> 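Have a look at this one before I ask anything.
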Amino acid sequence: MTALSTDAPPYRFQDAEPRWQAAWDNRGCFAVADIPADGKPKYYVLEMFPYPSGKIHMGHVRNYTLGDVVARYKRARGFAVLHPMGWDAFGLPAENAARERGIHPAKWTWDNIAAMRAELKRMGLSLDWRREFATCDPAYYGQQQKLFLDMLRAGLVDRRESWVNWDPVDQTVLANEQVIDGRGWRSGAPVEKRSLAQWFLRITRYAPELLEALDRLDRWPERVRVMQAKWIGRSEGARLHFALTAPAGGIAAVEVYTTRPDTLFGMSFLALAPEHPLAEAVAAGNPEAAAFIAECRRMGTSEAAIETAEKRGFDTGLRVSHPFRPELTFPVWIANFVLMEYGTGAIFGCPAHDQRDLDFARTCGLPVRPVVLPPDEDAANFAIADRAYDGPGRMINSDFLDGLEAAAAKARAIAELERRGCGRGVVNWRLRDWGVSRQRYWGCPIPVIHCTACGMVPVPDADLPVKLPDDVTFDRPGNPLAHHPTWKHVPCPSCGAAATRETDTFDTFVDSAWYFARFCSPQASVPVAQAAADHWMPVDQYIGGIEHAILHLLYARFFTRAMVATGHLAAAEPFAGLFTQGMVTHESYRGADGRWLYPEEVERLPDGSAVERQGGAPVTVGRIEAMSKSKRNTVDPGAIIARYGADTARWFILSDNPPDRDMEWTEAGVAGAARFVQRAFRLAEGVATLADLPPPPPAALGSAATALRRVTHRSIVAVTEALEGFAFNVAVARLHEFANALAEAERRRGDAAELAGLGWARREAVGIFLRLAAPMMPHLAEEMHARLTGGADDTLVADMAWPEADADLAAADQVTIAVQVMGKLRGTLALPPGQPEPAVLAAAAAEPNVARALDGRRIVKRIYVPDRIVNFVVAG
RNA sequence: GCGGGCGUGGCGGAAUUGGCAGACGCGCCGGACUCAAAAUCCGGUUCUGGUGACAGAGUGUCGGUUCGACCCCGACCGCCCGCACCA
C-alpha cells in the first residue's frame, strides 16, 4: 500500500492553483456587500496596503499571507469577512522615476499597479477585489480633499511657518531620507534649514485623548502602545521666565519649559535653540553668532541628526537672573541640541542631573553643581563624573528645597515660582502638530486658493476634485505644480479676481490615514457611506510592519477622530486589533571585488563556503539582514511562486518562526515546505483509494483507529488555539504531527475489521486535516478535498465550516507527571488525570530512580501541582 | 543621542506563562527500497562522561528572589526598529 501512495502522481500546483483561484472567483467566495443582509457577524481583516513599487517583495508575501490566514479562518468560523486590497499610490519614487527615466508618474504608477496586482492574484488571497482602489485616483483623493475642507471648517487645520530641508543647488525641498550626512543626495551640497508657510493638522488637540485611549486598545501589542505613549509624551513640569540682566533686541526675558524645576539650584547656564527669537536677535548684531546659527542650520531637520551631533554652543554674552536668587546670574548660550519644536525652544541647563546638559557643560567648560543626592551617597563625597544622575534622592545645595525628596521639591519649586509670579506648573506634550504640506507634484492637491484680496479661500465643494494636471515637466528642480504655466491660475471663488491655487500637495501619510474607512464603501460619492462604515468599522484585525508603530498608526487614530468630529464616522478607533509582523531577512553575499551579489548568483558548497555560480570565484557570506535592493539579498516572490507554487511559499513563510519576529528566507526551508505539500497530497491519495465506508459507531473501532481519532480531534483543538493566538508556526508544527500520525496509521497492519475501522478513521483525519490546513494552503486543501471525494462533492473548502472537535476524544486520557527531588528531575509518572494527591505522592516516591535519590534522606516538604509536577524537598 | 524591542542545540524555533527545556521543521548521521542514483520511507541527533542504566552541565553574561526560573528583579553585552518630508 505504501508503494501505491509513493508512486501516485505528484501534486501539480501549476494546474491546481490557477484552477482553484478561478473557482473562488467564479463563485464570488470573497465578495461581501457594503451592508450585508445575511446577518452574520462581521469581521474586517486588513493588511497595510502596498506602495506600488512595481514588484511585490517577501515582506508583502509575509504580510498578505498572515492576513489571508486570518481572513480564511474567520470565514470558516462563520463570519462575514471584509478583506480588501488597494494601493498607496502617491509618493516620491514615482517622481524620481520621472526625473531619472522620463516616465510620467501616473503611467509609472498604474503600470506598477497592474504588475503587482497580477503577482498578488497568484498568491491565492481571499480578497474582495471589487473594492480595489488607488489613492492617486481622483475618485479617492477628491474625497480626501472634501475631508480636509471639513476639517478646515472645524478648525482642525492651521497654516504657519515651519522648517524644511533646502537644497541650495537644486533649489528644492528635500525629504529627510534625501539628506545624507547633511548633504543633498543628488547635488551633494550642504543642506540648509529654510522656513516656509505650511499646512498643519491639529493633532495636538487630541493628544490627551490619543494617549488615554491607548489603554483600551487591548488587542494592540504592548510595545506599540508604549511607543505611542512615549511619542505623545505627556510631561508635568513648569514654564518659567528668566529675566535678562539687560534686554536684547527688545526681549527682556526668556521663557523656559522644564520637567525638573526641583533642580533649579543646580542651574549652570541657559541655552536657546538656534531658531529662537532671542538667538536671532543676538545674531542680528553679532556676525559670530550669525555664523554659528548658520552652521546649526546645516544640520538638517531630523531629530536623530541633531541629537547625535557633537554638542556645540555659542556664548551670547547675555546673562539671566535666577528666579529664586536674582543676585545669581547665568550665561545665555545658543546650543545646537536644543529643539525649537519642543517646549519653548529654550532650556535651563542643569548638568549634574541631565546627560545632554552634562555633555554640553563639559565641552563648553561650564560648572556642574549637584543638587540631588542619591540615597546611598553622602553629601560631602558626592560628585558627578561623566554620568548625570537622574534618579531619586534628597535635595542638597538648594536653599529652601534642601532635605526634600526630589518629587516633593518639584511641587515646592512650582509653588514658589507661582508665588513669585515668574512661572507656573504646566502639562506639556511632546507631540507636535502634523505638517502635511509637501512641495511636490505626485500627491493629493491641497484644495485651497490664495487671493490677494480675500486671503486664503477653500475650493468650493462643488469644484472638487482638484485634479492634478497631466501635462507636467520634470526638466527642472522644484515642484512641477508651481512651474505649470496655467494650472494654478484660477479666479477667486469668493471675489472672482485673479488668484492662485495652493501648489503644495498632501503628505502621503494623509492618504493612508483613512483608506481603511473608504474600503467599506469604495464607490460612494461621499468619503464614506455612513451605514457601510457603521457596519464594518473598526478594522477587527490590522496587520503590518512594526516600522509603522508610531507615525502611520497615530495619524490614522487622529484622522478617525477628526472624521468623527466632522460627521463622517462613528467609530473613534480605526483598528481594534493590531498585529505587527517582523521583517524578512536573507544572507548577503559579496564577490571578491566587493560587489554585492544576488542569492541566485551564488552557490553554497557542502563545506559551508560559497562561490559564484558563473566562474566559481570565492564569495564572502555576509550578515543575515533585512532584504534590500542595495545589498542585493532579495528573493523575488514571483520566481518562488513560479517554481514552487503559492501554497509552498505561504507554508514556508508561516512555518519558519513566530510572525512578529524577523524571519530568515532560506532555500532549504522552501524546499522543505514543498516536500510537505507533496506529502500532504499523498495522504489524501492514500485515503482516496479506500472504499467509501459508512460511519461505524466508535465502539466498533480498534485501538489504532481510536488513537488516530484522538490525534485528529486534539489537532483541531491545538491548531485552532494556535491560529487564534497568531502562533502560525505552532499551527504548522501541529499539522506536521498530525500528518506524521496519519502516515503511521497508513503503515499499520491488522485484520479486515481493524483495517476497515482504521480506514474510516483515516478518511475522517484527512477530511479534517485539509480543512485545518486550508487557511494556510488553500489551493492544496481544495485539491485534497476533490481527490478525497472523487469530485462527488463540489462544495469548496473555502466555503466549509471549521471542524468541531469531539470533546471526549480531545480530552487527555493520560498525563505525565514529572517527579523532582530538590528541583532536579528524577523520574516521571504516567497516570490518568485527576488522581488524588496522596496516591500520586506515594507513586512518585516509589518510582525506582526517585526512591534512590530519596534514600536515607528526610523529606521536609512535598510540593504537588495537580497533573503536572511533584517536588520533594529533602534535608541534609 | 533618545524611545521601544529581541537574545533558547549546528540552524529556525516550542515550552499550557513560575512546574519534564529543546515539540515541529531544516541540516547532519545511520538504515530500508534501488543495478545505481534521485525521490520516498524508517531510526538517531543539546553538550560532557559512561557499552549501559545513569550522572553532571545547559536558555547572551554576571548577580538575586523561589521548593522550583527560558519565564520575575538588578546590572552588563550584542543585535533590530522608530525619531515627525521614505513608505
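Here the structure is a predicted model, which is why all the values come from computation and not from measurement. The analysis underlying the following values was restricted to heavy atoms, covering all of them including side chains, and did not include hydrogens, waters or symmetry mates. A, B, ... follow the sequence lines: proteins, then strands. Residue 1 opens every chain.
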> Starting at the 5' end of RNA chain B and moving along, which residue's nearest nucleotide shows up first, A:Tyr51 or A:Glu737?
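So the residue in question is A:Glu737.
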> Checking ring-ring contact (aromatic ring centres under 6.0 Å, His included) between A:Tyr11 and each of A:Tyr644, A:Phe681, A:Phe676, which is the one that passes?
A:Phe681
> Side chains of A:Asn849 and A:Arg852 only: does a donor on one sit below 3.5 Å from an acceptor on the other?
yes
> Tell me which of A:Asp433 and A:Asp656 sits closer to the 5' end of RNA chain B, going by the nucleotide each one is nearest to.
A:Asp656
> Using the P atoms only, state how far B:A15 lies from B:G25, rounded to an integer number of Å.
16 Å
> Could you check whether the rings of A:Phe579 and A:Phe726 sit parallel, tilted or perpendicular, using 30° and 60° as the cut-offs?
parallel
> Should A:Arg734 and A:Glu721 count as an ion pair when the cut-off is N to O under 4.0 Å?
no
> Name the orientation of the base relative to the sugar in B:G44: syn if the glycosidic angle is within 90° of 0, else anti.
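Base orientation relative to the sugar is anti.
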> Please report the distance separating the P of B:A75 from the corresponding atom of B:C80, rounded so that it comes out in whole Å.
23 Å
> Side chain of A:Arg430 only, heavy atoms from C-beta on: which candidate in B:C20, B:A84, B:G82 is closest?
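My answer, after comparing the listed nucleotides, is B:A84.
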> Walk me through it: do A:Gln198 and A:Gln439 pass the test side chain to side chain contact (heavy atoms under 4.5 Å, CB included)?
CA-CA 10 Å; A:Gln198 309 236 50; A:Gln439 293 71 38; 3.2 Å; yes
> Counting only side-chain nitrogens and oxygens, does A:Arg734 get under 4.0 Å of the OP1 or OP2 atom of B:A23?
no
> A:Glu724 CD to B:U16 C1': how many Å, rounded?
16 Å
> So which nucleotide from B:G1, B:G82, B:A84 ends up closest to the side chain of A:Glu547?
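That would be B:G82.
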> Do A:Trp87 and A:Thr109 get their side chains close enough for a donor-acceptor pair, meaning under 3.5 Å?
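Short answer, no.
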> Between P on B:A23 and CG on A:Asn657, what's the gap in Å once rounded to a whole number?
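The answer, rounded to whole Å, is 17 Å.
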> Below 4.0 angstrom, N of the basic side chain to O of the carboxylate: do A:Glu837 and A:Arg862 qualify?
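Between A:Arg862 and A:Glu837 there is no salt bridge, as every charged N stays at least 4.0 Å from the carboxylate O atoms.
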> In whole angstrom, give me the gap between the P atoms of B:A55 and B:G3.
49 Å
> Name all residues meeting the side chain to side chain donor-acceptor pair (under 3.5 Å) criterion together with A:Glu222; count only those two or more places apart in sequence or in a different chain, and write none if there are none.
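A:Glu222: side chain to side chain donor-acceptor pair (under 3.5 Å) contacts with A:Arg225.
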> Each nucleotide in nucleotides 4-11 of chain B should get exactly one letter: B, S or -. Can you fill that in based on protein heavy atoms under 4.0 Å?
SS-S----
> State which residues pass salt bridge (charged side-chain N to carboxylate O under 4.0 Å, His left out) with A:Arg430; sequence neighbours excluded, sorted by chain then number.
A:Glu303
> Does A:Phe360 have A:Lys311 sitting over its ring (NZ/CZ under 6.0 Å from centre, angle to axis within 45°)?
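Negative - A:Lys311 is either too far from the ring of A:Phe360 or too far off its axis.
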> Do A:Gln355 and A:Asp359 have a side chain donor and acceptor closer than 3.5 Å?
yes
> Using atom CG of A:Asn112 as one end and atom C1' of B:A87 as the other, report the distance to the nearest whole Å.
14 Å
> Mind calculating the distance between CG (A:Asn63) and C1' (B:A87) to the nearest angstrom?
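The distance from CG of A:Asn63 to C1' of B:A87 comes to 13 Å, rounded to the nearest Å.
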> Nearest to the A:Arg868 side chain among B:C85, B:A84, B:U17, which nucleotide is it?
B:U17
> Looking at residues at least two apart in the chain, or sitting in another chain, which of them share a side chain to side chain contact (heavy atoms under 4.5 Å, CB included) with A:Ala197?
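With sequence neighbours excluded, A:Ala197 shows a side chain to side chain contact (heavy atoms under 4.5 Å, CB included) to A:Arg159, A:Glu161, given in chain and number order.
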> Among the candidates B:A55, B:U17, B:C2, find the nucleotide nearest to the side-chain atoms of A:Glu307.
B:C2
> Considering residues at least two apart in sequence or located in another chain, which fulfil the ring pair (Phe, Tyr, Trp, His ring centres under 6.0 Å) criterion with A:Phe506?
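Expected list: A:Phe148.
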> Return the residues of residues 193-201 of chain A meeting this criterion: a heavy atom under 4.0 Å from some atom of RNA chain B. Order them by number, or give none.
A:Gln198
> Between A:Trp166 (CH2) and B:C85 (C1'), how many Å, whole number?
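For the pair A:Trp166 CH2 and B:C85 C1', the rounded distance is 14 Å.
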> With sequence neighbours excluded, tell me which residues meet side chain to side chain donor-acceptor pair (under 3.5 Å) with A:Trp665.
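If we apply the side chain to side chain donor-acceptor pair (under 3.5 Å) test to A:Trp665, skipping adjacent residues, there are no hits.
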> A:Leu174 and A:Gly184: which non-hydrogen atoms are nearest, and at how many Å?
CD1-CA, 3.6 Å
> Would you tabulate the nitrogen or oxygen pairs shorter than 3.5 Å linking the protein to nucleotides 73-75 of chain B?
none

> Send over the distance from A:Gln581 CD to B:C80 P, rounded to a whole Å.
19 Å
> Determine: side-chain N/O of A:Lys824 to OP1/OP2 of B:A57, distance under 4.0 Å, yes or no.
yes
> Please give, in whole Å, the distance from B:G1 C1' to A:Asp359 CG?
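Rounded to whole Å, this separation is 8 Å.
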> When you compare B:G4 with B:G74, how far apart are their P atoms, in angstrom units rounded to a whole number?
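After rounding to an integer number of Å, I get 13 Å for this pair.
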> Are A:Asn165 and A:Thr301 close enough that a side-chain donor and a side-chain acceptor fall under 3.5 Å?
yes
> Please report the closest heavy-atom contact between A:Ile546 and A:Met227, naming both atoms and the distance.
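What the structure gives for the nearest pair is CD1-CE, 3.9 Å.
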> Suppose we screen for ring pair (Phe, Tyr, Trp, His ring centres under 6.0 Å). Which residues come up paired with A:Tyr389, at least two apart in sequence or across chains?
none
> So which nucleotide from B:A14, B:C85, B:A84 ends up closest to the side chain of A:Pro658?
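Given the options B:A14, B:C85, B:A84, the side chain of A:Pro658 is closest to B:A14.
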> Ignoring hydrogens and angles, tell me if any N or O in the side chain of A:Arg749 forms a donor-acceptor pair with the backbone of A:Arg747 under 3.5 Å.
yes
> State the dot-bracket string of RNA chain B. Criteria: Watson-Crick or G-U wobble, both atom distances under 3.5 angstrom; notation: ( ) intrastrand, [ ] crossing earlier pairs, | interstrand, . unpaired.
(((((((..(((......[....)))((((((.......))))))((((....))))..(((((..]....))))))))))))....
> Sort me out a list of protein N/O and nucleotides 64-71 of chain B N/O pairs below 3.5 Å, or just none if empty.
{"unit_1": "B:C67", "atom_1": "O2'", "unit_2": "A:Asn871", "atom_2": "ND2", "d": "3.4"}
{"unit_1": "B:C67", "atom_1": "O2", "unit_2": "A:Asn871", "atom_2": "ND2", "d": "2.5"}

> Where does B:U17 land, syn or anti, once you apply the within-90°-of-0 test for syn?
syn
> So, is A:Arg826 close to the B:G56 phosphate, meaning a side-chain N or O under 4.0 Å from OP1 or OP2?
yes
> Starting at CZ of A:Arg225 and ending at P of B:C81, how long is that distance when rounded to a whole Å?
24 Å
> Which listed nucleotide (B:C83, B:C41, B:C81) is nearest to the side chain of A:Ala304?
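Closest nucleotide among those given: B:C83.
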> Less than 4.0 angstrom between a side-chain N/O of A:Arg438 and OP1 or OP2 of B:C85, yes or no?
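For B:C85, OP1 or OP2 has a side-chain N or O of A:Arg438 closer than 4.0 Å.
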> Should the pair A:Arg160-A:Asp433 be classified as a salt bridge under the 4.0 Å nitrogen-to-oxygen rule?
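Yes.
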> Would you list the protein and nucleotides 25-29 of chain B atom pairs, both N or O, that sit under 3.5 Å from each other?
{"unit_1": "B:G25", "atom_1": "OP1", "unit_2": "A:Asn740", "atom_2": "ND2", "d": "3.3"}
{"unit_1": "B:C26", "atom_1": "OP1", "unit_2": "A:Arg675", "atom_2": "NH2", "d": "3.4"}
{"unit_1": "B:G27", "atom_1": "OP2", "unit_2": "A:Arg675", "atom_2": "NH2", "d": "3.3"}

> Decide whether A:Asn63 and A:Glu47 meet the rule of one side-chain donor and one side-chain acceptor closer than 3.5 Å.
no
> Could you please name the option among B:C41, B:A23, B:G19 that lies closest to any side-chain atom of A:Arg682?
B:C41
